[in-house]
Structures are given as structure tokens and as C-alpha cells.
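Note sheet for the following structure.
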Amino acid sequence: QWLNAFPAEADTLARLKEALLTDLTPWWQAGQAEAQRIRSLRGLFDEETAAAHRYTALDQLRSLQLSDGSWSWYRGMKGHASITVEVATLLARVEQLAGSDPSAHAMLASACRWLQGEAARQVSRMKQREAQSHVQCEPTEWQLRYLYLRALLGLKPDADARYLMTRAVPLRHRLTLYGKALAVRVLQQADQKDRAAEVLQSLREYTVSTPEMGSYFDSPRAEWSGAAYRIPTQCAAIEAFEAAGDTLMSQAMRLWLLQAKRTQQWETPLATADAVWNLLRHRPLAQGDALDYTISQQGHPVANSSKVHVSLPASMGYVRQVYQTEAPDTALWLRQAGGVPTSLRVTHQGDALAWGGVYATSIIPADSVPVEGNGLRLRVRTEVLRGTEWLPVSAQMVLHRGDRVRQTLLVHADRDYDFVSLSSSRPACMEPVQPLSGYRYSGSLWAYTAVHDDCTEHFVEQLRKGDHRLVE
């Protein structure tokens, strides 16, 4: 509806992004330009195209399902429990979001019957091992995922599910945060609210909150991977807090999810599906749903959603405000404030999650540029080799021809980033020891180093949260 109602809006966003992108990055050719992504969105939300994709996907999925209702890892293999529970979970989520499709529901029902039989076989083997060893067996992650699927479908626990829950609850102190979140969801569905509250409190104690980033996990018990980051754990926790009625915490964790997407690629389809599920199920956008905003400077409003001298679409606010501080008709309050814009504040009213961007340009002397940083901060330190020790170059130090000098880039990241580009200029009297570009390990990071005449650029594919060092 958004793209059909406002086709020019997508083009505006694409041009705004393209103006700030550079084609120097080595992953540029492999990635898609923002304009291409917007064009893909048009195709995604076209009803006929979407229906064709949906039927094609369902046909392919049906052809891969075995006669017993399971799915295998590859064609010719026998049914795999983990693959089947993942596919069934995705089908159950789609059914809740978009309604029941007869073909998809039939595949889901067949898969659930196979999973129920597989759970019964595994429970039988666990009971046999317990009778022989007199030690309680611990449920696996697959069994927790199976219990979560039952909760998602609204099924009350049967005998096998109750057995697995009795084995899972005592292990809540040893479970990963992902396992804790699944346990909360399962216990809520089973009306064991007291036990669910205990596990939820344990989950809450691991969260970290900031006004900008929302609430998230910063613990090794929240499993991290190079492709999925901590998205599965975050999404499972959102569902856990929402099932317990804690909407404030679930909203704060959704905020982190949106902020994380701004700096991460999410190459794993399952992690992306988890994120989309948790964002779409919260509050679907209605037609004409708009964001209200007010832009103020020095306490004086300069623009808002109802008093803007340009035509704005209903779903996006794009304001271009030109400050001509030297013009004779400059507003009196602006001249009294010094004639130079000092701050810009954007406020958002409403319960919908949203973010915006401010693009500003100005010309000031180079020596007046302050060193600032928000989420990603960079500090450059020049060092000279004296004997066997690298010493920082000071204003009192005299450098001579032939001295070995290096630049150390100290990077601080407040979260995980994808595709980070760092650039350091080089004085004309210096030549790089390694003049060839290439992918190499430097300091504490692997980076592609592009050597130019007057600067060196470093391209880091994945930058973990924390402090890092690059040496040129």
C-alpha cells in the first residue's frame, strides 16, 4: 500500500542514500545499490508478484516434504528433526500473520504429526536411559524448539511434552539465554506462570539498557555467530517478555533489533525471519499511518509535520531546510542566537517504532573540526620507532629522513558492525612500507587495505563490539 500510494517516495529515499555512498568499497560490486533494493521492494509488495512467489515457494516446499511429513537436509536423506521443526515453525508464524492457506496448513499438520511421533520416540529412549543410569536426562535444544512450536500453535502439553518440561525447568540455571526464553514461552502456555516468572527474572538480569539502543544482551550466554549475531536470542526474549505481559521490555528489545539492522547485514535467512516475525506481529502499519515530528532550533520550531512548505508523503517526512545565516532577511531570533545553527532535535509522538536520519553539510576550517563519535569512534595516533620501541610523536619531537613512522588507528565500537570503512591521510613526505593493496591482518583486525597516493583505506567486513587496533 505504501509503495503503491507513494511511488516517488521510494525514489527519494534511494537518491538520498546514493548521494552518501562510495564505490571505493571492495564489496560494492557484490552488494546491491539502495535504488535496486527499493525496486525489489516494489516487486515484493506487488500483489500479483507476491502471489506468484508464494505459490512457487509452497510448491517447492511441498516437493521437498517426505511422505511421512518430515523434511530432510538434502533430497534422498531421511527426515531430519531440526529441519522439520524449523520449517514447521516458519509455517506456523506465517499462518498467524497472514491467515491460513489450505496448502500450507496441510503441510504444517503433517509435519506436526511426524514431530509428535519423533518426540514420543525420544522421550521413550530418555526414560530407558534414566531407568538404567538412575540419572535424569537433559532435554536437547531441538526438544525445546518442539515445545515452543506447540506453544506457538496453542496446543496444551500432552504426556510427552509434560515430561520434557519437568526435565527442562531444573536446568534453567544452565540453559543459554536462548533456552531460557524458549522455556518462558513454553511454561506460559502450560499455565505454569510462577515457574515462568522465575526464568523470566533470570533472563531480565542479563539485559543491558540504553536510551538509544534499547535493551539487549551483552553476555557470552547469549550465543553469537558471524552471520546471525545475537538475533535469535533477542527475538526469543521479545516473545518471552511479551507472553508475560511486559510490553515495555519487549518494545525496548525491538528498538535494539531495529538499531542493529542499521549496521548489520543479517545473512542468515532464519535470523532474518525471526526478526521480521517479531517486528510484524507487534503493530501492523495501517494505510495512511504517518509519523508526526517537530524540528526545533534554539527552542524555536522551524518545521513540523503540519507546517512544512513542501509536499510530504503520508508515511515519510523529508524536510530540506536551508539556513542562510548571512542573508539580510535572516530571522531576528537566528541572528540573535549567533547566526549559526547549533543543535537540531527531532521528537516522535506515538507508540510505533521508528527512526530517522539528519543529513547536513557545512564548511568550516579544518583545524576547527572537533573529534566526535557516537556509536563508532576513531582515534589516530602517530608513532615513531626509536630503537625497538614505538613512541607517540609529540609536538616537541623532531623527525628525520629515514625514520620509521606508523599510524595506529584505535577504533571503539558500541555494537557489532558490518562493512566498516576507515580512512587515514598520509603526509606527502611519507611513503608506505607496503605499497600494494590486499587483504591482511593488521594490529588486531583482518582488513582489506587499499593504498592510495595520499591516504590509506581499510575495509573491515565484520567489526565486533569493543576496542580494536589497526596499524599502517
- The reported gap from CH2 in Trp142 to OG1 in Thr84 (rounded to nearest 0.5 angstrom) is 9.0 Å
- Task: Would you check if Gln201 and Glu198 make a side-chain contact, meaning some heavy-atom pair closer than 4.5 Å?
- Result: no
- CG (Asp218) and OG1 (Thr210) are apart, to the nearest 0.5 Å, by 10.5 Å
- Query: Thinking salt bridges, do Asp416 and Lys465 make one under a 4.0 Å N-O criterion?
  - Reply: no
- Can you tell me how far the OH atom of Tyr417 sits from the CG atom of Leu376, to the nearest 0.5 Å? 5.0 Å
- Task: Determine the minimum heavy-atom distance between Leu203 and Ala240, stating which atoms define it.
- Result: CD2-CB, 4.3 Å
- Salt-bridge present (Glu95, Arg93; N to O < 4.0 Å): no
- Say whether, by atom type as modelled, one donor and one acceptor occur between the side chain of Trp73 and the main chain of Ile83 under 3.5 angstrom. no
- Item | Any donor-acceptor pair under 3.5 Å from Arg415 side chain to Gln259 backbone | yes
Which donor-acceptor pairs under 3.5 Å do the side chains of residues 386-405 make with protein atoms, sequence neighbours left out?
from   : atom 1 : to     : atom 2 : distance (Å)
Asp403 : OD2    : His400 : N      : 2.7

- Item | Check: Glu457 main-chain N/O paired with Ser423 side-chain donor or acceptor under 3.5 Å | no
- Query: Under the 3.5 angstrom rule, does the side chain of Glu205 hit a backbone N or O of Leu200 as a donor-acceptor pair?
  - Reply: no
- Query: Between His80 and Ser82, is there a donor-acceptor pair closer than 3.5 Å when you use the side chain of the first and the backbone of the second?
  - Reply: yes
- Message: Which heavy atom of Ala413 sits nearest to which heavy atom of Leu463, and what is that distance?
- Response: CB-CD2, 4.0 Å
- Val411 vs Arg377 side-chain heavy atoms within contact, under 4.5 Å: no
- What distance separates Asp246 CG from Leu248 CG, expressed to the nearest 0.5 Å? 6.0 Å
- Task: Give a yes or no answer on whether the side chain of Thr449 reaches the backbone of Ser437 with a donor-acceptor pair at less than 3.5 Å.
- Result: no
- Scanning both residues in full, the closest heavy-atom pair of Leu149 with Ala92 reads CD1-CB, 4.1 Å
- Should we count OH of Tyr439 as having more than 12 external heavy atoms under 6.0 Å? yes
- Leu147 and Leu182, any side-chain heavy atoms less than 4.5 Å apart: no
- Check against salt bridge (Lys or Arg N to Asp or Glu O under 4.0 Å), Arg185 and Glu242: CA-CA 9 Å; Arg185 189 74 172 83; Glu242 198 162 71; over 6 Å; no
- Look only at the side chain of Gln462 and the backbone of Val420, and say whether a donor-acceptor pair between them is shorter than 3.5 Å. no
- Query: Any idea which heavy atoms bring Ala447 and Leu470 closest together, and the distance?
  - Reply: CB-CD2, 4.2 Å
- Apply side chain to side chain contact (heavy atoms under 4.5 Å, CB included) to the pair Val471 and Arg469, showing each step before the final yes or no. CA-CA 7 Å; Val471 178; Arg469 186 170 62 97; 3.3 Å; yes
- Query: Yes or no on side chain to side chain contact (heavy atoms under 4.5 Å, CB included) for Leu378 and Leu410, after CA distance, side-chain angles and deciding distance?
  - Reply: CA-CA 6 Å; Leu378 172 65; Leu410 305 174; 6.0 Å; no
- Give, for atom OH of Tyr148 and atom CG of Leu152, the distance between the pair rounded to the nearest 0.5 Å. 4.5 Å
- Would you give the length of the straight line joining atom CZ of Arg204 to atom CZ of Phe241, rounded to the nearest 0.5 angstrom? 5.0 Å
- Task: Run the salt-bridge test on Glu431 and Arg426 with the 4.0 Å N-O cut-off and return the result as yes or no.
- Result: no
- Item | Nearest non-hydrogen partners of Leu144 and Gly179, listed with the distance | CD1-CA, 4.2 Å
- Are any side-chain N or O atoms of Thr233 and backbone N or O atoms of Leu177, one a donor and one an acceptor, separated by less than 3.5 Å? no
- pair Thr272-Val276: side-chain heavy atoms closer than 4.5 Å: yes
- Query: Side chains of Tyr178 and Glu141: do they bring a donor and an acceptor to under 3.5 Å?
  - Reply: no
- Message: Go through it in stages, so that I can follow the logic: the residues are Leu279 and Leu257, the test is side chain to side chain contact (heavy atoms under 4.5 Å, CB included), and I'd like the CA-CA distance, side-chain angles, deciding distance and then a yes or no.
- Response: CA-CA 9 Å; Leu279 292 173; Leu257 205 58; 4.2 Å; yes
- Item | Gln234 side chain vs Met253 backbone, donor-acceptor pair below 3.5 Å | yes
- Message: I'd like to know if the side chain of Gln143 reaches the main chain of Thr140, judged simply by a donor and an acceptor atom lying under 3.5 Å from each other, with no hydrogens or angles considered.
- Response: yes
- Return yes if a side-chain donor-acceptor contact under 3.5 Å exists between Glu86 and Trp71, otherwise no. no
- Message: On a heavy-atom basis, which atom in Ala168 and which in Leu175 lie closest, and how many Å separate them?
- Response: O-CD1, 4.4 Å
- Message: Using side chain to side chain contact (heavy atoms under 4.5 Å, CB included), reason through Ser424 and Leu409 one step at a time and then give a plain yes or no.
- Response: CA-CA 8 Å; Ser424 59; Leu409 281 64; 4.1 Å; yes
- Item | Any side-chain heavy-atom pair of Ser202 and Lys180 under 4.5 Å | yes
- Is any side-chain heavy atom of Met213 closer than 4.5 Å to a side-chain heavy atom of Val208? no
